[in-house]
2 protein chains.
Amino acid sequence: MARGEERRADKRRGANAPEGDARQAGAANLIAVLVAVTPGEQGPAEPMVLAIRGGTTLPSGPFQLRHRSLQAGLRGWVESQTHHPLGYVEQLYTFADADRGADRAGHVVSISYLALTREGPLAGADEPEWRGWYEYFPWEDRRGGGKLVAEAIAPRLAAWAEAGDGAEGDGAARRRRAALLFGLDGMPWHEELALQRYELLWEAGLVAESRQHAAAGPMPGLAMVGDHRRILATAISRLRAKIKYRPVVFELLAPAFTLLDLQRCVEAIAGRAMHKQNFRRLIEQQDLVEETGAMARETGGRPAKLFRFRRAVLEERAVAGTKVGVTRG
Amino acid sequence: MARGEERRADKRRGANAPEGDARQAGAANLIAVLVAVTPGEQGPAEPMVLAIRGGTTLPSGPFQLRHRSLQAGLRGWVESQTHHPLGYVEQLYTFADADRGADRAGHVVSISYLALTREGPLAGADEPEWRGWYEYFPWEDRRGGGKLVAEAIAPRLAAWAEAGDGAEGDGAARRRRAALLFGLDGMPWHEELALQRYELLWEAGLVAESRQHAAAGPMPGLAMVGDHRRILATAISRLRAKIKYRPVVFELLAPAFTLLDLQRCVEAIAGRAMHKQNFRRLIEQQDLVEETGAMARETGGRPAKLFRFRRAVLEERAVAGTKVGVTRG
DNA sequence: CCGATCAATGCTCGAAGGGAGCATAAGATG
DNA sequence: CATCTTATGCTCCCTTCGAGCATTGATCGG
């Protein structure tokens, strides 16, 4: 499994550093995936990511000596580039690029972070802006059903598997992997496999960043600079997994919210719709929230109670999450 | 939560880099937590970690320009230091130390890895040897009941909480956290919280590495150089969590094994005993293994069937693990 | 050869968790 | 008032999983 990951990773970024060079690699880079969720009036919410330079790039900057710690460095850079404060922060993954910056002959170690906030005003030189997750990964949003996968992706993956039949690739293995990751042939869809899906599309030449492209061109979805879209996929996978066993959604919500607000937020992140009544049961039986006493009137229907997150659960319980249930409800 | 982690981390390693220094931090270091499990004839198995220099240090080395990737660098260093090949490898965490190496004025970025193997011959200049996990974390082994926690740790944590009552610390919060992490007051024990437990003991001054020690001296358990014991705790937490949803145990077992071998291995890692019949049921219903046809005769009782891991499951299923069940067995 | 002991294996019971759906309540709207 | 929309309560039922009981095959001391 890990070996597979490594193999794929090596395939992805060329291993072209001079052999036998014993100098130590230097230069650390910090990259942030800043996530917020736009409530969305009377409809689904949208998960957003902060990008710069026309949506092509994630905010980042070098780790400097003045920084007390990696996280402090990250906060500093993001706040200077975007004028936006960071809330919850979690390390994602560290990787090494073979000398991307041309001036310094060496690897750059990049340390990526996931950060959760609420949307806010942006400012900065590099045109920071909030972009929807699903502009980059349209196939990851299945709240309206998985049409894109069924209609556009499945056939192209089939073609890719077909192409592997003669070569070393083993078409059957390709088909199994595609079915597993994209929920084909009646297999279930696992939202937290976003990264693996992106990697498969990369291998299949179906994204713009691929080494070699499939004849029919890339899938819909905005590309990003370098590995950035891959890092975003990592963040999505991580957050989708984490939301199930840790109460992190609340970092993305307003202080007071209705249960439907909460559900829409979770659905936005998970990329799929959920059964309303069961969702409520889940939340309530876990004592994650408490009533504020006030009501929300602009629901479009019967007024809903407003809740707030019970911060106490963070220290009360080791494991407590928003066990995301399934269902198309 | 993340903020809490960061706060604690800042407390742990002093933030004493010169302020305002805008030079870029350099030098990346790779650290490996190499894990194996000794079968243990007719009894419990023992999880082992590879350490050097008298068991005080984890194998590590600088990331060099000649390395194609971080993992390749790690494999190179470990194999040269220990003459031991790495199997499954997974990244753990990256952190920055404020200039530990005196010669270079800068941070060192350390990237830690977890690697799983089987025990094998060792060789190298720095006295590599296999050491038991639980030499470093005696309280994490509850296969024989949690006596150490109940008798030695609980009272000292109580004292620590007591001490917080007057100060800013809030004794009640300390008590809650201790009870939560160490399963006091009838709370359940969560084996995957090994890291958090170590951090709490660190804060309470109960381990040798603590900034300031409690009057009665540290808890039993070998200390390590710098942050290394903390990294080991991270590895333990990660592996204990992972084992539940991914079939990684098999990396630690011989190619053919009995179900009891498998159970003992899982118990060794999880640090607690499990219900035998339910364990079998779990393994079998998941189709993780297949019979080899041979039998093991030296069981001490009725001969057991030998099994092998069905490698196919790695590509058949997205999520499949050894859902560790509880029970004292 | 017999009985004791130690594991391996098979099976059953019962509580808890979680997927689905029915039914009712309470505002907004025309 | 009829209808639409969302909020909320509650029931059913199947699967999962913690706990035990019971039996089967070997080994070993008498």
Side-chain angles (χ1 to χ4, degrees), chain A residues 39-45 188-189 244-245 256-264 266-267 270 272-307 319-329, chain B residues 39-45 188-190 244-245 256-264 266-267 270 272-289 291-307 319-329:
Chain A
E41 296 302 328
Q42 304 301 359
W189 173 268
K244 291 184 191 166
Y245 63 96
F257 48 84
T258 68
L259 291 182
L260 186 58
D261 290 338
L262 175 57
Q263 181 178 349
R264 289 220 184 93
V266 173
E267 289 178 332
R272 69 175 188 201
M274 292 157 40
H275 186 262
K276 189 190 256 187
Q277 295 94 316
N278 290 346
F279 183 85
R280 309 175 111 262
R281 176 174 64 186
L282 220 49
I283 299 298
E284 283 168 342
Q285 81 187 11
Q286 287 187 115
D287 279 320
L288 287 175
V289 298
E290 62 191 1
E291 301 181 14
T292 66
M295 303 285 279
R297 310 215 147 241
E298 350 65 48
T299 58
R302 172 173 164 180
K305 288 179 187 165
L306 281 173
F307 293 84
V319 279
T322 313
K323 306 179 191 163
V324 184
V326 216
T327 322
R328 342 145 215 121
Chain B
E41 297 302 328
Q42 303 302 359
W189 173 269
H190 293 283
K244 291 182 190 167
Y245 63 97
F257 48 85
T258 68
L259 291 182
L260 185 57
D261 290 338
L262 176 58
Q263 182 177 350
R264 287 221 185 93
V266 172
E267 288 179 333
R272 69 176 188 200
M274 291 158 37
H275 183 189
K276 189 191 261 191
Q277 297 93 316
N278 290 346
F279 183 85
R280 308 175 111 263
R281 176 174 62 185
L282 220 48
I283 299 298
E284 284 169 342
Q285 80 187 12
Q286 287 188 116
D287 278 321
L288 287 175
V289 298
E291 302 181 14
T292 65
M295 304 284 280
R297 314 221 143 235
E298 350 66 49
T299 58
R302 173 174 165 180
K305 289 178 187 165
L306 280 173
F307 293 84
V319 280
T322 313
K323 307 180 191 163
V324 186
V326 218
T327 322
R328 321 132 234 137

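Residue numbers start from 1 in every chain, and the chains themselves are labelled A, B, ... in the order their sequence lines are given, proteins ahead of strands. Just so it is clear, the values below take in all heavy atoms, side chains as well, and ignore hydrogens, waters and symmetry mates. Model, not experiment: these values are computed from the prediction.
Look at CG on B:L282: it is 14 Å from P on D:dA19, rounded to the nearest Å. Note: CE (B:M274) to P (D:dA19) measures 12 Å, nearest angstrom. Spacing between atom CG of A:N278 and atom P of D:dC13 amounts to 16 Å, rounded to whole angstrom units. The CZ atom of A:F257 sits 16 Å away from the C1' atom of D:dA7 (whole-angstrom rounding). Atom pair B:F279:CZ and D:dA19:C1' shows a separation of 17 Å (rounding to whole Å applied). Between B:Q263 atom CD and C:dA8 atom P the separation is 9 Å, expressed in whole Å. Atom CG of A:L262 and atom P of D:dT6 are 17 Å apart (whole Å). Between A:K305 atom NZ and C:dG27 atom P there is a gap of 12 Å when expressed in whole angstrom units.
A sub-4.0 Å separation between OP1 or OP2 of D:dA7 and a side-chain N or O of A:K276 is present. For the OP1/OP2 pair of C:dT9 and a distance below 4.0 Å, the side-chain nitrogens and oxygens of B:R280 include at least one atom meeting the criterion.
In terms of polar N and O atoms assigned as donor or acceptor, the side chain of A:H275 comes within less than 3.5 Å of the base of C:dG21 in a complementary pairing. Checked by distance alone, B:R281 brings no side-chain donor or acceptor within 3.5 Å of a matching partner on the base of C:dG10. In terms of polar N and O atoms assigned as donor or acceptor, the side chain of B:R302 comes within less than 3.5 Å of the base of C:dA8 in a complementary pairing.
Once rounded to the nearest 0.5 Å, the distance linking CG of A:L259 with NZ of A:K276 reads 9.5 Å. Interatomic distance, A:R281 CZ to A:H275 NE2, rounded to the nearest 0.5 Å: 8.5 Å. The CD1 atom of B:I283 lies 10.0 Å from the CZ atom of B:F307; values are rounded to the nearest 0.5 Å.
Using a distance-only test at 3.5 Å, with no hydrogens or angles considered, a donor-acceptor pair links the side chain of A:Q263 to the main chain of A:M274. In this structure, the side chain of A:T258 does not engage the main chain of A:L306 through any donor-acceptor pair within 3.5 Å.
Note on A:L259: nothing from the nucleic acid sits closer than 4.0 angstrom, heavy atoms only.
In the set C:dA8, C:dG10, D:dG9, the nucleotide with an atom closest to the side chain of B:Q277 is C:dG10.
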